[in-house]
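One structure is given below, encoded as structure tokens.
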Amino acid sequence: MSHSMPELIGTKRDGGSLSAEQLEWIIAQYTADQIPDYQISAFLMAVIFRGMTDDELAAWTDAMLHSGDVLDLSSTALPKIDKHSTGGVGDKISIPLAPLVAACGVAIPMMSGRGLGHTGGTLDKLETIPGFKTRLDPEAFTRQLDELGLVLAGQSETLVPADRRIYALRDASGTVPAIPLIASSIMSKKLAEDLDGLVLDVKIGSGAFMKDVASGTALAETMVSIGRSHDTPVVGFLTDMDQPLGREVGNANEMVESIAVLRGEGPPDTTELTMVLGAEMLVLAGVAAGRSDARAQLDAAVRSGAGLDVFARVITAQGGNPAVLEDPTLLPTAAHTHTVTATRGGYVERCDALAVGRSAVRLGAGRQAKEDAIDPGVGITVHAKVGDAVTESDPVATVRYNTEDQLNACLPVLESAWVLSETPQQPVPLILGEVS
Ligand code: URA
């Protein structure tokens with residue numbers, strides 16, 4: 001049956017709900033290029049304000065999931081578990097986590113996304129590795145999973161094409177932060193991976209799409225329940241995103257820090273979160289007796305270099321140069337650096353993830369329009385995080401940039417990120433809750 005897109009937009013705008021058939025029609029027509037971007041953007045904006053009922057969300061997610069092929073990974077003998085984050089600033093966890101977990105005997109068919117809004121994307125970070133390809137056809141995807149236990153890819157043309165297109169459109173049309181849109185985007189991709197279990201990292205705070213624990217919990221519960229209705233066990237962790245994760249923000253910057261985590265030399269918060277999420281993956285996979293056994297296995301994979309080894313093999317299989325693991329100077333870099341200093345002494349009360357994320361986008365690390373290319377070598381190193389003491393003129397950040405225009409656009413936002421206090425400040429807790 002055919003529908004009028006302006007009428008469907010109007011129904012949603014005015015608080016009505018759409019039938020499963022109408023929602024399937026929207027996804028099918030948009031995927032077939034029969035609905036222009038401006039109408040889908042208007043529809044998505046109506047969803048931002050009006051939300052979706054449970055029935056609408058189930059139908060929308062299913063339509064996205066079946067907008068293309070669904071992987072059949074039954075040939076993979078190992079348990080298949082993935083992890084996905086709702087997006088944050090400096091959130092590079094997937095990169096060190098996936099090889100470590102794969103090294104412990106779990107298969108990870110990881111399909112990731114690009115940067116969205118002020119948050120970075122795993123694909124953009126992986127593509128800083130010279131030659132690394134994130135587009136694999138389903139056959140190559142399955143073969144690599146069987147051989148190496150890990151694939152780090154984006155959605156190909158045929159896997160969840162609706163999300164690939166809607167995701168890019170949401171990024172450029174201010175239509176990211178709505179629970180049904182985030183939940184359907186993530187879960188359609190993850191369910192297409194034919195998983196035995198999924199660990200979700202739901203970010204909460206200024207740099208996340210969910211700003212408080214209540215909305216983060218609602219998002220996590222929505223995704224857990226979508227998983228349940230597809231017989232896929234899902235565990236969601238609520239984690240802090242009020243300040244950037246780790247010290248590096250920007251694509252090549254974050255790849256360097258990811259490699260450090262794999263070597264056991266990463267910053268404490270990034271390492272801890274990698275271990276917490278990774279341990280849950282091992283437990284879900286049934287390859288660890290409990291969380292402490294899982295942690296011990298992951299620690300051993302760091303110490304023995306087994307995680308680095310898996311990453312090297314995956315990089316080679318996907319056309320990249322594994323020498324970056326030994327020599328991170330092979331990654332792209334920017335021509336210039338600029339140091340941001342503390343305007344006075346004190347203790348860091350706030351290092352605002354949103355301001356750091358937005359300034360990274362202004363530098364060129366993320367996209368302002370759907371077609372924008374990112375600048376892989378630009379980024380920000382954060383020297384002062386919540387609880388740190390600084391004296392006047394201490395460096396709080398180092399900016400890597402290529403043009404003065406980039407720097408001038410970035411600095412006013414970046415400099416507003418730090419709030420200093422006269423009194424000592426406690427570091428913020430990293431794990432804020434759990435939903436399963
Ligand atoms: N990650 C996704 O894959 N989709 C979203 O909408 C947000 C984060």
Side-chain angles (χ1 to χ4, degrees), residues 27 30 40-41 43-45 47-48 51-52 56-57 60-61 63-65 67-68 82-95 97-98 108-126 134 152-156 159-193 195 198-211 215-216 218-224 226-227 232 234 236-239 241 245 254 273 277 353-354 357 361 366-367 370:
I27 295 282
Y30 183 54
I40 296 292
S41 304
F43 178 76
L44 295 169
M45 190 57 88
V47 174
I48 293 269
M52 278 183 173
E56 284 181 307
L57 177 58
W60 183 257
T61 307
M64 304 240 295
L65 168 61
S67 63
D82 197 3
K83 166 263 171 191
H84 197 87
S85 156
T86 55
V89 178
D91 181 5
K92 69 281 293 172
I93 297 293
S94 291
I95 300 171
L97 167 139
I108 308 174
M110 188 176 273
M111 273 202 274
S112 306
R114 300 202 173 273
L116 195 59
H118 61 276
T119 69
T122 302
L123 291 186
D124 295 327
K125 293 168 205 174
L126 288 168
T134 55
L152 298 168
Q155 296 119 281
S156 68
L159 285 165
V160 204
D163 180 62
R164 193 164 32 77
R165 302 194 49 183
I166 292 174
Y167 190 92
L169 195 57
R170 286 169 59 214
D171 190 20
S173 62
T175 52
V176 173
I179 287 177
L181 298 180
I182 296 176
S184 58
S185 163
I186 292 177
M187 292 308 290
S188 61
K189 284 194 288 269
K190 298 294 123 180
L191 293 170
E193 292 176 359
L195 295 176
L198 173 65
V199 174
L200 290 170
D201 182 6
V202 178
K203 297 283 182 207
I204 294 171
S206 79
F209 298 123
M210 298 295 111
K211 303 295 180 197
S215 54
L219 174 59
E221 285 173 352
T222 303
M223 293 193 284
V224 167
I226 295 174
T232 306
V234 178
F237 286 86
L238 310 179
T239 72
M241 188 29 73
L245 192 56
E254 292 187 45
L273 194 51
L277 300 175
L354 181 60
V361 171
R367 296 172 186 76
K370 194 173 125 180

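What's counted below: heavy atoms across the whole structure, side chains too, no hydrogens, waters or symmetry copies. Numbers here are sequence positions counted from 1. Atoms within a ligand are numbered from 1 in the order they appear, just like the ligands themselves.
In terms of protein heavy atoms, atom 5 (C) of ligand 1 is closest to S185 OG, 3.5 Å. Scanning the protein heavy atoms around atom 7 (C) of ligand 1, the nearest turns out to be L116 CD2, 3.6 Å. Considering only non-hydrogen protein atoms, atom 3 (O) of ligand 1 sits nearest to K189 NZ, 2.6 Å.
Not one N or O of T86 is nearer than 3.5 Å to an N or O of ligand 1, by distance alone. Between H84 and ligand 1, a contact under 3.5 Å exists for at least one N or O pair.
Looking at K211, its side chain does come within 3.5 Å of a backbone N or O of S206 through a donor-acceptor pair.
Considering only residues two or more places apart in sequence or on other chains, A153 meets the side-chain contact (heavy atoms from CB on, under 4.5 Å) condition with L136, F141, V151. Every residue two or more places apart in sequence or in another chain was checked for a side-chain hydrogen bond (donor to acceptor under 3.5 Å, both in side chains) with T119, and none qualifies.
Between the side chains of S188 and D163, not a single donor N or O lies within less than 3.5 Å of an accepting N or O.
The residues D171 and R114 are annotated as not salt-bridged, no charged nitrogen and carboxylate oxygen being separated by less than 4.0 angstrom.
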